[in-house]
Structure formats: structure tokens, C-alpha cells
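Reading through the C-alpha cells given below for one structure.
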Amino acid sequence: MKSPATRREHTFVATLCLALLLLGGCHPVQQAKGIAVHKDVPSDPIGNREVREGGTLTMGLSAEPDRLDPTTSTSLYTRYVMNSICEKLYDIDENSSIVPQLASALPKISDHGRTVSIPLKEGIKFSDGTEFDAAAVKKTLLRDLNKSDSARKSEMGPITSVEAPTDRRVELHYSKPFAPITAALADRAGMIMSPKALDKLGADFGDAPSCVGAFKFVERTPQTSITVKRDPNYYDAKDVHLDAIKYRIMTDANIRAANLRSGDVDVIDTVFPQDVDALLREDDIGILQSSSLGYQGVTFNLGNTSGVGKAPGKIKGPIANDPRIRQAFEHAIDRKALVNSVFNNWFEPACSPISPDSEFATAASKKCPKFDPDLSRHLLKQAGVKTPVTIPMMVTNTPDTLRFAQALQASVKDAGFDVKISPVEYTTLLDAQDRGDFKMLQLGWSGRVDPASNMSTFLTTGASLNVAGYSNSRVDHLLVKAEQETDSQKRARIYGKVISQAHKDDPIVYLYRQRNLTAYSHGVAGVATYPDGVVRVNKAAFLKEDD
Amino acid sequence: MGRYLFNRLWQALVTILLSTIVVFYGVRALPGDPARALAGEEADPAAIAAVRANLGLDQPVIVQYFRFLGNIIRGRFGDSIRTGEPVTDLIGATLPVTLWLSVYAVAIAVVVGVGAGVIAAIYRGRWPEWVANGFTLMGLSVPHFWLGILGILYLAIGLGWFPASGYVPLLDDPIRGIYYLTLPAVVLGITIAAIVMRQTRASMLESLSTDYVRTARAKGLSRSRVIVRYALRNSLLVVVTIVGLQLGGLIAGVVVTERIFGLPGFGKLTLDSIFTRDYPVIQAVVLVVTIAYIVINLAVDVLYSLINPRIRVGGNA
């Protein structure tokens, strides 16, 4: 029989537990779902509001940038920091249109598309005081072309030479026309580095980068932060209000959101859909949103037997060999329902690699195979396969991806597909996709302004990202033709034909397109996020207290 | 003692050498290579091949191993594949964060745990013991990542008493440094405090029932003196063992806490380097952890003999 002391102890502990449960139960764990409104809000302009000059803006970055070297960088997050310290020959505006930045005008194309002439602005200095001129641009572009570990070379096309005929003009000479070059120069390939810094640091340029920018690099604390401060040499200093920007590395989305709410950071990127509705309820937090240029989808292995980039081989089985099965899979997917249920309607269904907001979007690129499980079942019957058709699918083991994979699995079940989810680490997935060690995998692409970057490397036979091992000579021909065509509208029509063919062959089933979601404190204005996903804070400012 | 230390030293060297072999080959057995991981979604084959050659990853594995061993003997760990920073700089920047956090957490754990354990033992069967037991139950049951999130939600966002994240080096600004570390240290320390409390209570109960304690009390010594100087002192052996083990474990990876509070610590460095197959960093962190465990275990053994002179390290009691 229990002693009175023991009974009192047990009563106390039970009461404590009950109190904690009640306390926990009274607080909502998840906010009620809001209704996502897909209205692009790419920026919060300062307008007529009074700003406070100075101050250090703190931004929570979702991933740590790699080396701050435009030639070798492969991390998209490096672009966030470089946007403040390293301007490009061209940039994009909120409508994804390419606009001059260090160049004074869009490039002039001549010699049947084989010569690209870039005029440059005057009166500009690098952060180390060196003059910005054509020789500096030439030095950067040659480095991008010739450095052995350059990640930019393939983006620049078949350049035969780079010339600087005057101080204010650079010419690129091509063996064949290459239309995507302007878009490439609106990304890291166009970030011009100080020749003095390149001579001094060489391969270690990333340790102390010097470019043209509103800010200049100060220091980097590993795993923690990157600090930049206002550059007195900047040519457009009148629009710069901050003293410094501190980029703090915060890889967890919930923690980033918590830090924004507590005021420890002023801006955060890559807000998760699950956090947006809660953040919108806060009076002092704003959300920027824009459609991204990328996509998420599933890739089938149609012929990757010897590794990516090699000639495709033969894969056994009806999934790889009968397009009707892949078409059936596509028709079994209710994209809208998936996006709504998994991402609280913050993302958008996607059926092609070209964003509907892109200047290259056409009716053909916007066309979406309809959700029709009856058609799926009919196609499977025609193909003569026994249902359910089992398909193993590799996915990365992140919570959002797993949630989506499970929703996809449930979505296609009714039509006769049994998807087996195999979650693996991202690096392992990359390895498997390169080796062709998969039947189907779920992965995306962050997207680029020019559709060539979103399509050619994935769909051309033997291309570096054609992990599906897809090969269609008509598609190859169309993609080459599009790259060499300098008229945007003609290019758009060609890409439309490619997408129509891709919908028949279905090496990739495009599923959804993320939206760039950026959150900021209302004490800050001038933050912008354009469709390339880069959060621009270089012209931001703190508002005066009474605003 | 000298001979004992010498024996422990050469054992340590053998352990370290074996661990270099295990980690070197172990990490290369993982799928995925660093050059490809570095390229991420941008898989330019020529660039990847060049990176692989620059890093010496195209050499035979045995050649890579001996190059790695040679560098260690010269005190070099190489550069991070991901960021290009010297690994020694990375460890130099991140290890102190984890060390300070660990020491602070253990200090909280010892103060709270020993105090609660002593109170629970002295007031056995009464309400102070129930409170202490309830606290132990919570500390052992509740995952510290959940505690951390609750702490941020209520104490940082809600009340604004503490920052939600961040780190200030203690040597630069001790007051702010302690302020930033307090919430994460409390979160970490609670779990260890619970363990310390249980062990202290059990040891104290045993000590309080011994003959020498009864004799001390019979001789007229004050209660507090008997508890602190006699009972507690002999109970501390267990506490020291637990603290030593916990400290080693903390240094090895307070990953979750560092991630939640945005602390640029050693655990986070370890995790990130594994995900990105940053071989030089992985190899270095494993070596550091191995050495840390060896040093801490040695320190614990030496501390035994200081607490209880009858225990001689390497000799008979």
C-alpha cells in the first residue's frame, strides 16, 4: 500500500503534468491557414517616406554562400551577397527584363550574331579605387573562360575571342551565334572583378573580393556571417542609405522566421509556405513575393546507363520505353490540389520550364496536360501494363520534399501507380542522378532568365544535366536553333515546340514552381526580390521612427 | 604518476592514428564526391574535373591518405573544399563557441543538478524532493530542441528577455557574450542537470548513511558542514565522471542547439561538412573530437585522485 508521502508525490507530479498539458494546449501550435494571394509584390519602395541615414541592416540567409568568387561560385546564395558588392554588366528588373547595370546599353549584335558589342558606363571605380574600363571587363571575362575550375565557361557559349577596342567598349566574338549571352552577363558571368585584386589575389580572390558595388567586403566569419560596408567609391552613392549590411547564416526556416519576429534580423529570404500565413498576421512584418524562374518536377531515367553526359543506353522496362506510361503518370497528377495541400497555396502548378511571366512564354509553353485519371487508366491499358505500376522515386530527405512526395504518391494511386518513396540525402541524390542509378527522382532547378539554361542542358542529348538520358534529334535541333536565333519572339516559338515535344516524351514531368518569398521588418524599406530570387538590400534604408 | 601519463600518451597516439584511418576511408565510402557536391545543381563536367584535380581527389586513395597524414604531422589540415578557408581557421572559429556553450551548460547543470540532488537527499520524502524529481522527469523526458524552440517563442519573441539567436565572443565582450549564450546553455544544461541531480541524490543518500558521517554528526559538527565537507565531497566522484562524459558528448555535437540558436559552433560545422562531403573538415573535426575525449578522460582520472587522495591514478587505492 502506498504511503501518504508517496501518494502526495504522485499527486504533485500528476498535477504538474496536467498543468503543463493545459498550458501547451491553450497555445495554438499552428496558426490557422490563411488564403494565399498570388499578387507579385517584388519590392517595398522607399517612395516619399523619410529614411534614417546609416545603420547596419541584418539579413538572415538560408544557406552559407560558397567562395565569393564569381568565376567559380556555384551557390545561388553567393549572389545575394555579391549583389551588394559586385555589380554586373546587366541585371534584371522586376519583370525579368534585362537592363544595363555597368553596361550603358543592351549589347549590339552584328556579323550574323557572331559579334556582341557591349558599351560601358563611365566614371566608375572598383572598391579598391581602380578604374572600371574595358580592359578590366576583358580580364574578368577571360578569367571566366580560361580558369580551369570556372563554372561560367559553359554559360558564355562558343567565344573565340574577347577584345577591348576602346576604353568604353568590349567585343565578344563567337564561332556561332549565342543568344543566351546577355542573360549570362546578367548573372555571375557578368560580375566584373577588380584587375588589381585579381593580380594580387589570383585564385584567392574570393577571400577579399573587390568589385563595383554599393558596398564593399569587410570580413567573413565562418558559418556565422559576412559583413559589407558602404563603398565611398560607388558611382550611385546618392541612393545608398545604409552604413553596412550583415548577412547572418540561418539555415533553419523556422529559426529565421523567429529571429525576424524577435527583431534580431531585419530581412529573411526563402520563407517557407508554412510560416508565411503566420508572419502576415504580424503588424510589423511585410512579405515580398514574386514568381521564380525555376521549377520542381520528377525525372524519369530513359537512357542514363553510363553516367550523365555520356551517350544514352538502353534501359529495360516499360516506363523508360513507352511514353504512354509517363503520359499516364502526368495525367494522374492534380497539380493544383497538390500545391494547395502541401504548400498552403503559396506555390504554383507548373507544366513547363518556362515561367509564364517570362518574355519567352507562349501558349505552347503555358499548356498543361490536364488532370484526368480516366485517361491515365486508358493509357496504361493501351500500353498493356499490369496495374498498379510500381515506380521507385528518389527524393531528398527534407520535410517539405517528403510531404510533397507523399502527396504525389497518394495523388497518382487512383490512376494505377504505386510510387515507392526513397528519401536520401541531397549529395547522395546528386550522385545517383549522375550515375543513372534511379528509375524516377524528384528534383528541381532554380531557373535562369534565359530559357536555354532551363532547357538545353536538360534535354539535349549528352548535355551535362540531361540525367534522364533523354535523346530526341528533333529536340536537339530545335534547341540549337533557338540558341542561335537572336530574335526573342522566334526563340519563344521554337521553345514552345520543344515543350510540346517534351510533353509527349515526358523525360521530365514539371510539377510546380516556387514563389520567391521574402519577409522584412516594416522598419526597413527599399528591399526587393525579383524573379531571379536574389534579395536586393543594397538600396534599402531604415525608416524614421515615426513612420 | 609520470609513468602513468606516459602510458596514456602513447595509447592516445595509437588511438588517434587508428581514428585517422577510420575517418579517412569511412568518409570516402559515402556516396557522392566533394567536387560534385560543391557544384550543386550546376554540373559543368570540366569544372568538376578541374576541382577534383585541384583538390588531389583524382589521386589514388592511399596517396591521398599519406598526404593527409603528412600534413597533420606538420600541423596542417588543408582548406575547406566548400569555402576555401583554412580548416584550422574554421575550427579555431567554431570550437571556442561550442566549448564556451558546453562549459556554460555544464556549469548550470552542476550548480542546479548538485544543488537539487543535495536538497532531494536531505529532504527525502518531503515536497522539496518531489519538486526535484519532477524537474528530473522533465529534464530527462523533454527533448532539448523542443525546449529551445519554446524558449525562443516565449522568452525571446514573447518577453524579449533574451535574443533569439546569435553569438558574441566572450573574450570580446564577456557580458554580452554570456547574455547571448544563456538561453542555449540553459536549454542544454537542463538535461544534464537532471542526470546530475539523480546521481547526486543517490550518492548523497549513500554517503549520509555511512558511519563516518554519523560519527561526524555525533562529534557535534554542524549539519551544513557535515553535508558539504563530508557527504557531498565523497559524492562528487560520480558527478565528476558524469560531467566528464557529458562534456565530451557536448563538444562532439550540440548540433541541434547550435542550429536552433544560430550558433556558429563545432557541431554545426561537423554536420555541414558531412552534408557537403568537405573531406578536410570532416577529417579534422573527427581528430579534434578524438583528442578531446582522450584529454577529458585523462583529466577526469587525474581529478579523481585530487578529490580522493586514496585513489592513485595508475596505482592502487
Side-chain angles (χ1 to χ4, degrees), chain A residues 3 5-6 8-9 12-13 16-17 20 27 60 64-67 69 72 74-76 147-151 153-155 204 206-207 220-225 248-252 254-255 258-259 261-265 308-309 424-428 430-432 434 443-446 457 464-465, chain B residues 30-51 53-54 80 82-85 89-90 93-94 97 125-127 129-131 133-134 137-138 149-150 152-153 156-157 160 163-167 259-265 268-269 272 274-277:
Chain A
S3 69
T6 308
R8 281 196 294 270
E9 182 183 322
F12 172 76
V13 172
L16 182 67
C17 291
L20 284 172
H27 185 87
E64 182 166 18
D66 59 2
R67 294 191 100 157
D69 186 329
T72 57
T74 52
S75 164
L76 299 174
K147 197 170 186 293
S148 62
D149 55 348
S150 169
K153 189 178 161 124
S154 58
E155 297 170 2
D204 294 332
D207 294 345
R220 179 176 190 159
T221 308
Q223 303 237 281
T224 308
S225 62
R248 285 184 54 197
I249 318 300
M250 293 178 178
T251 51
D252 188 287
N254 293 320
I255 302 305
N259 274 266
R261 291 167 72 190
S262 69
D264 287 288
V265 298
V308 68
V424 294
E425 194 206 344
Y426 178 64
T427 308
T428 307
L430 288 181
D431 188 56
D434 287 356
L443 204 52
W445 171 244
S446 58
T457 39
S464 61
L465 287 172
Chain B
L30 288 171
D33 85 89
R36 182 62 184 91
L38 188 65
E41 60 171 19
E42 301 193 9
D44 182 76
I48 292 172
V51 167
N54 287 347
S80 163
R82 193 162 51 95
T83 62
E85 293 161 292
D89 287 0
L90 284 174
T94 55
V97 178
R126 288 146 72 182
W127 68 265
E129 190 192 12
W130 312 331
V131 172
N133 283 340
L137 188 66
M138 191 186 77
I149 290 169
L150 277 190
I152 290 173
L153 198 58
I157 296 173
S165 70
Y167 173 74
R259 199 177 163 96
I260 288 171
F261 290 98
L263 297 172
K268 190 174 176 304
L269 176 70
D272 288 346
I274 292 169
F275 282 150
T276 56
R277 305 296 189 267

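In what follows, every chain begins at residue 1, and chains take the letters A, B, ... in the order their sequences are listed.
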Fill in: Shortest non-hydrogen contact between B/T83 and A/P65, atoms and distance
CG2-O, 4.3 Å

Worksheet item: Does B/R36 come within less than 4.0 Å of A/D431, counting only side-chain N to carboxylate O?
Response: no

Worksheet, complete the sentence: Interface check, chain A: of B/G84, B/A93, B/P45, B/G262, most non-hydrogen pairs under 4.5 Å belong to B/G84

Worksheet item: By a 4.5 Å heavy-atom criterion (distance strictly below it), what part of A/S446 contacts chain B: side chain, backbone, both, or neither?
Response: both

Discussion item. Under 4.5 Å from any heavy atom of chain A, what part of B/L269 do you find: side chain, backbone, both or neither?
Written reply: both

Worksheet item: Would you find a donor on one side and an acceptor on the other, under 3.5 Å apart, between the side chain of A/T427 and the backbone of B/F275?
Response: yes

Item to complete: Would you mind telling me which of A/T457, A/D66, A/L430 has the largest number of heavy-atom pairs within less than 4.5 Å of chain B?
Response: A/L430

Worksheet entry | B/K268 with A/E64: basic N within carboxylate O range, under 4.0 Å | no

Worksheet, complete the sentence: Under 4.5 Å to a heavy atom of chain B? For A/T428 that would be both

Worksheet item: So does B/E85 pair up with A/R67, basic N to acidic O under 4.0 Å?
Response: no

Response to the item:
Checked B/A46, B/A35, B/A50 vs chain A; the most non-hydrogen pairs under 4.5 Å come from B/A50

Worksheet item: With only heavy atoms counted, which part of A/L443 is less than 4.5 Å from chain B, the side chain, the backbone, both or neither?
Response: neither

Worksheet item: Can you say whether B/R277 sits under 4.5 Å from chain A via the side chain, the backbone, both, or neither, judging by heavy atoms?
Response: side chain

Worksheet entry | Minimum heavy-atom distance between A/T251 and B/R259, given as atom pair plus value | OG1-NH1, 3.5 Å

Worksheet entry | Which atom of A/P222 lies closest to which atom of B/L90, heavy atoms considered | CB-CD2, 3.0 Å

Worksheet item: chain B heavy atoms under 4.5 Å from A/D434: which part of the residue, side chain, backbone, both or neither?
Response: side chain

Practice prompt. Evaluate the side-chain contact (heavy atoms from CB on, under 4.5 Å) criterion for residues B/N54 and A/D149: first the C-alpha distance (whole Å), next the side-chain angles of each, then the deciding distance (0.1 Å), finally the verdict.
Written response: CA-CA 8 Å; B/N54 287 347; A/D149 55 348; 3.6 Å; yes

Discussion item. Could you measure the distance from the CD atom of A/E425 to the OG1 atom of B/T276? Nearest 0.5 Å is fine.
Written reply: 9.0 Å

Practice prompt. Go through the side-chain N and O atoms of B/S165 and A/N259 and say whether any donor and acceptor fall under 3.5 Å apart.
Written response: yes

Worksheet item: Side chain, backbone, both or neither: which part of A/R248 has a non-hydrogen atom closer than 4.5 Å to chain B?
Response: side chain

Discussion item. Show the nearest heavy-atom pair for residues A/Q223 and B/G265, with the distance to one decimal.
Written reply: OE1-O, 3.4 Å

Worksheet entry | Under 3.5 Å donor-acceptor, A/D252 side chain and B/I260 backbone | no

Worksheet item: If you count heavy-atom pairs under 4.5 Å between each of A/A151, A/G206, A/S464 and chain B, which one has the most?
Response: A/S464

Discussion item. Let's test your reading of the structure: which of B/G166, B/G32, B/A164 forms the most heavy-atom pairs below 4.5 Å with chain A?
Written reply: B/A164

